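What follows is a set of notes on a single structure, which appears directly below.
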Amino acid sequence: MTHDVFCLSKPMKIATWNVNSIRTRLEQVIQWLTGNPIEVLCLQETKVIDADFPQAPFQALGYQPHFVGQKSYNGVAILSQLPVTDISTGFAAILGDSADVETQALAQQFDEQKRVITGVVNGVRIVNLYVPNGSEVGSEKYQYKLAWLSVLRPYLEKLLGESGQISLCGDFNIALENRDIYTDQGRETHIMSSEAERQALRSAVLDLGFADAFRKFTQAGGHFSWWDYRTGGFQRNRGWRIDHHYLSPALYERAIACTIDIAPRRLEKPSDHTPVIIELDLA
DNA sequence: ATGGCTCGCCCAGCGAGA
C-alpha cells in the first residue's frame with residue numbers, strides 16, 4: 001500500500017476526546033481547538049447522523065472532518081489539519097476475507113454501531129475507537145463488549161501487517177490497572193474494571209505489542225480522563241482513566257509526551273470526559 | 001444501601017451512558 005506522506009517537521013500532536021454529543025459540545029470543541037491547534041483530534045460519542053455533522057465550523061478552523069455516526073448513539077470522527085488518506089470505517093472493511101467466517105460475521109454485526117474509524121496522517125495509521133460501555137458485569141451488553149474486543153484483535157493484526165506505525169486512541173471504557181481508578185473498592189463487580197474486561201483489552205491490544213503512551217511518562221495514580229456526572233464525581237475527584245493512546249513499538253519510541261487536559265471538564269455543561277493528548281516526534 | 005446527572009428522542013418520560 002502506498003500513502004501520500006505529508007512531511008511534518010515539528011512533533012505531531014493527536015488528541016482523543018469523548019464529547020458526549022458533538023452538537024451540544026460544538027462551541028467547547030471549537031474553543032479548545034482554537035487554544036490547542038493540534039494536528040489531529042479524534043472524537044467519540046458524536047451522536048449525530050453523517051448528514052447533520054457540523055463540518056463548516058471545523059473547516060473554518062482549518063480542520064477537515066471525517067466521521068461516521070448514527071442517530072442518538074455512538075459516532076466517531078477524525079478532525080485533521082493535515083491530509084488524511086486510506087480512511088475506513090468499521091471492522092469489516094479492514095478485515096475483508098482475512099479473518100475466519102465467524103469473525104467476519106461478527107464484524108459485520110458490530111459495524112451496525114458506529115464505533116470505529118481510521119485514516120493515515122503523516123505516515124501514521126490513526127485508529128479511533130469507541131469501545132462499548134457494557135452496562136453491567138454479566139449483562140448482555142457486557143458480553144457484547146467482550147466479543148467486540150475479540151474482533152478488535154484481528155482488526156489490529158491486519159493493520160499491523162500493513163504498517164508498523166499505528167497510533168490507536170479512543171474511549172476504551174476500561175481502566176487497565178487499579179491506579180487508573182480513584183478507588184479499588186468493588187472493582188471486580190464494577191463495569192470498566194472487571195478482570196475479564198482488562199484481559200480482553202490486554203489480549204486485543206497489549207499482546208500485539210501496543211503500549212499505553214500515558215505510562216511511558218507518568219507512573220503515579222490519580223490521573224483521570226472521566227468523572228461521573230452524578231455524585232459530584234469531578235468535584236470530589238472520583239475519576240477513572242479510561243481514555244487511552246496505545247502505540248505500536250516503532251511509535252512508542254517516538255512518543256515525547258502524553259498529557260490529560262482537565263480544563264474542559266471544569267466548564268459549564270461539560271462532557272463527562274476530557275481530552276488526552278500525545279505528542280510524536282517523527283523527525 | 002441507593003441514587004445522584006446528562007444526552008437525544010418528533011416534546012415526555014425513558015433508555016443509555018459509565
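Letters go in sequence order (proteins before strands), and every chain restarts at 1. Just so you know, these numbers come straight off a predicted model, no measurement behind them.
- Across all strands, A/Arg236 comes closer than 4.0 Å to no nucleic acid atom at all (heavy-atom distances).
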Could you walk me through whether A/Tyr144 and A/Phe110 pass the ring pair (Phe, Tyr, Trp, His ring centres under 6.0 Å) check? CA-CA 9 Å; A/Tyr144 183 99; A/Phe110 291 146; 4.9 Å; yes
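- One hydrophobic cluster, built from ILVMFWY side chains closer than 4.5 Å, holds both A/Leu41 and A/Phe58.
- Note on ring orientation: taking the six-membered ring where Trp is involved, the planes of A/Phe53 and A/Phe67 are parallel (angle under 30°, cut-offs 30° and 60°).
- Remark on DNA chain B: of its neighbouring residues A/Asn18 and A/Arg25, the 5'-side contact belongs to A/Arg25, judged by nearest-heavy-atom nucleotide.
- With both ends at atom C1', the span from B/dG3 to B/dG17 equals 15 Å, rounded to whole Å.
- Within the nucleic acid shown, A/Asn74 has no heavy atom closer than 4.0 Å to any nucleic acid atom.
- Comparing the same atom, C1', in B/dA12 and in B/dT6 gives a spacing of 16 Å after rounding to whole Å.
- Of the candidates B/dC5, B/dC7, B/dC9, B/dC5 carries the atom nearest the A/Tyr229 side chain, counting heavy atoms from C-beta on.
- Taking the side chain of A/Arg23 as heavy atoms from C-beta on, and the options B/dC7, B/dG4, B/dC9, the nearest nucleotide is B/dC9.
- Ranking B/dC5, B/dC7, B/dA16 by closeness to the A/Arg230 side chain, first place goes to B/dC5.
- Relative to the side chain of A/Lys71, the nucleotides B/dC10, B/dG17, B/dC7 differ in distance, and B/dC10 lies closest.
- Ring planes of A/Trp240 and A/Tyr182: perpendicular class, angle over 60° (limits at 30 and 60°).
- Residue-level contact check: A/Trp226 touches the backbone only, with heavy atoms under 4.0 Å from sugar-phosphate atoms and none from bases.
- Along DNA chain B, the nucleotide nearest to A/Ile191 and the one nearest to A/Ile22 differ in position, and the one closer to the 5' end is contacted by A/Ile22.
- If you check every strand for non-hydrogen atoms under 4.0 Å, A/Asn173 touches sugar and phosphate atoms only.
- Using a 4.0 Å heavy-atom cutoff across all strands shown, A/Phe172 reaches no nucleic acid atom at all.
- Side-chain atoms of A/Arg115 lie closest to B/dG17 of the nucleotides B/dG17, B/dG8, B/dT6.
- The gap from the C1' atom of B/dC7 to that of B/dA1 amounts to 27 Å, rounded to the nearest Å.
- Residue A/Asp243 is out of contact with every strand shown, counting any heavy-atom pair closer than 4.0 Å.
- Below 30°, between 30° and 60°, or above 60°: for A/Phe172 and A/His244 the angle between ring planes is below 30°, a parallel geometry.
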